[in-house]
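Contents: one structure, followed by commentary.
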Protein chains: 2
Amino acid sequence: MPPTSEILTAERILEATEEVLRRHGPAKATVVDVARALGVSHGSVYRHFRTKAALREAVTKRWLDRTSESLAGIAADASRDPRQRLGDWLAALFEAKRRKAGDDPELFATYMVLTDENGGAVAEHITDLTGQLTRIVRAGVDAGVFTVADPAATARALFQATGRFHDPGYHREWELPGVEDEFDAVVGLLLRGLGV
Amino acid sequence: MPPTSEILTAERILEATEEVLRRHGPAKATVVDVARALGVSHGSVYRHFRTKAALREAVTKRWLDRTSESLAGIAADASRDPRQRLGDWLAALFEAKRRKAGDDPELFATYMVLTDENGGAVAEHITDLTGQLTRIVRAGVDAGVFTVADPAATARALFQATGRFHDPGYHREWELPGVEDEFDAVVGLLLRGLGV
DNA sequence: CAGCTGACAGATATCAATATCTGTCAGCTG
DNA sequence: CAGCTGACAGATATTGATATCTGTCAGCTG
């Protein structure tokens, strides 16, 4: 009895896993659930992902990559001046994370569990994001608007100094009144620090 | 059978509670344990603290206050110029937290549980610290070394931007090689942003 | 014969019965 | 009689017996 006659792909498994995680939450989502959602035996899932942990890591990576990709456009937009590009990029990062946390708190909590499990995927994500920041900073140095010795180190510092506005650990504070002003105060100070 | 003939005070209970927390950890430390350590019945403990939660909050406050007090000296030291005072204060805060986390990881984990339980005490602690920072910033403005519109808002921004180097949630990263440089990069950027 | 199934062993989670703890208070004691 | 005790009821945690899940693999099927 094949309910879906399509062939089973890693992609289809990832989609089904996201759905199961959304429905059951991270604690109760099992490989058997994923297999049932796809109308196959759980043995078939193990044909595409060696372990449950590997499956969850792949889901985590996909989720993180979606954010990175949405920011890459701003980082690469050479039509804006670097100072404004930097401000826009940081604001867009904040806004993206805040929307994810605010729009569907349960799903966000699920992904917080997943990111805790998968330090490796998170590290890659952070490397990716600081890479984008480095490109903006370097553009600013080349344009003569930023005075900075080591663009990569400065990019890391910028990322870390704004952690309160993108690190999921702070998500509760993103809905408090005044966060916008706090964000502006921190970013303002940092932009001034980049030199004229 | 009175093992200690001294009268029972809130202070003695707090000391015993710290010891029990150190020994048993936050999950297993009970009021009965505290009473046993003092050689009294647990009813006597409830004569000084209305609930177990109130007792744990008092222990938490004491612990946080010890850090605040150690920094107050630097904040008040008018003999150093504000720029250096600010750098020293932030470095001392980082160093204090890092030592607490590194010297006795288990005890630190215990206090992380306690601070999670007692958001109120933590909020007071943060108000206290940003107050100290505000005084330094204001001194800098008065001395003409900082160009800042709202010292209190700037103090909050400085505190938040350096969160990675004092927020217990980041304690794992405080032992990584290169944190010192990261700290210097962030603080350097912020100090530059305060204006000449 | 490539891809899938389902029975299986060991690991992990669930659940209900039992034990311990929290918070109260009437009464003891020095 | 101020301060403490210890028995108690209800709430919370622990335990161990049971059920479910993970990961494997020999063999089925189209």
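Note on naming: letters A, B, ... go to the chains in the order of the sequence lines (proteins, then strands), and numbering restarts at 1 for each one. Side chains are part of it too, since the values below use all heavy atoms of this structure and drop only hydrogens, waters and symmetry mates.
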Quick one: which of [options] gets closest to the side chain of [X]?
X: B/Tyr46; options: C/dT24, D/dC4, C/dT5; answer: C/dT24
X: A/His42; options: D/dT24, C/dT5, D/dC21; answer: D/dT24
X: A/Val31; options: D/dT22, C/dT22, C/dT5; answer: D/dT22

Could you state the atom-to-atom distance from [atom1] of [X] to [atom2] of [N] in whole Å?
X: A/Lys28; N: D/dA19; atom1: NZ; atom2: C1'; value: 14 Å
X: A/Leu8; N: C/dC4; atom1: CG; atom2: P; value: 5 Å
X: A/Arg12; N: C/dC4; atom1: CZ; atom2: C1'; value: 13 Å
X: A/Asp33; N: D/dG23; atom1: CG; atom2: P; value: 14 Å
X: B/Ile7; N: D/dG3; atom1: CD1; atom2: P; value: 9 Å
X: A/Phe49; N: D/dT22; atom1: CZ; atom2: P; value: 15 Å
X: A/His48; N: D/dG23; atom1: NE2; atom2: C1'; value: 16 Å
X: B/Leu38; N: D/dT5; atom1: CG; atom2: P; value: 10 Å

(request) Select base, sugar-phosphate, or nothing to describe what B/Val32 touches, counting heavy atoms under 4.0 Å on all strands. (result) base
(message) Students often get this wrong, so: under 4.0 angstrom with heavy atoms, is A/Ser41 touching a base, only sugar-phosphate, or nothing?
(response)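 Base contact.
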(message) Counting only side-chain nitrogens and oxygens, does B/Ser44 get under 4.0 Å of the OP1 or OP2 atom of D/dT5?
(response)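 Yes, within the criterion.
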[N] pairs with which nucleotide, Watson-Crick or G-U wobble, both distances below 3.5 Å?
N: C/dA19; answer: D/dT12
N: C/dC28; answer: D/dG3
N: D/dA17; answer: C/dT14

(message) By the definition ring-ring contact (aromatic ring centres under 6.0 Å, His included), identify the one residue from B/Trp89, B/Phe183, B/Phe159 that meets it with B/Phe94.
(response)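 Among the candidates, only B/Phe183 passes.
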(request) Please determine if B/Asp65 and B/Arg62 form a salt bridge, counting it only when a charged side-chain N lies under 4.0 Å from a carboxylate O. (result) no
(message) Looking at A/Arg85 and A/Asp88, is there a salt bridge between them, counting it only when a charged N and a carboxylate O are closer than 4.0 Å?
(response)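 A salt bridge is absent here (no side-chain N lies under 4.0 Å from a carboxylate O).
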(message) Quick check on DNA chain C: between B/Arg47 and B/Lys52, whose nearest nucleotide comes earlier from the 5' end?
(response)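 Nearest nucleotide further toward 5': that of B/Lys52.
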(message) For a 4.5 angstrom cut-off between non-hydrogen side-chain atoms, does A/Leu86 reach A/Leu133?
(response)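 Side-chain contact under 4.5 Å: yes.
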(request) For A/Lys100 and A/Thr67, run side-chain contact (heavy atoms from CB on, under 4.5 Å): C-alpha distance rounded to whole Å, both residues' side-chain angles, the deciding distance at 0.1 Å, then the answer. (result) CA-CA 10 Å; A/Lys100 277 193 175 164; A/Thr67 300; 2.6 Å; yes
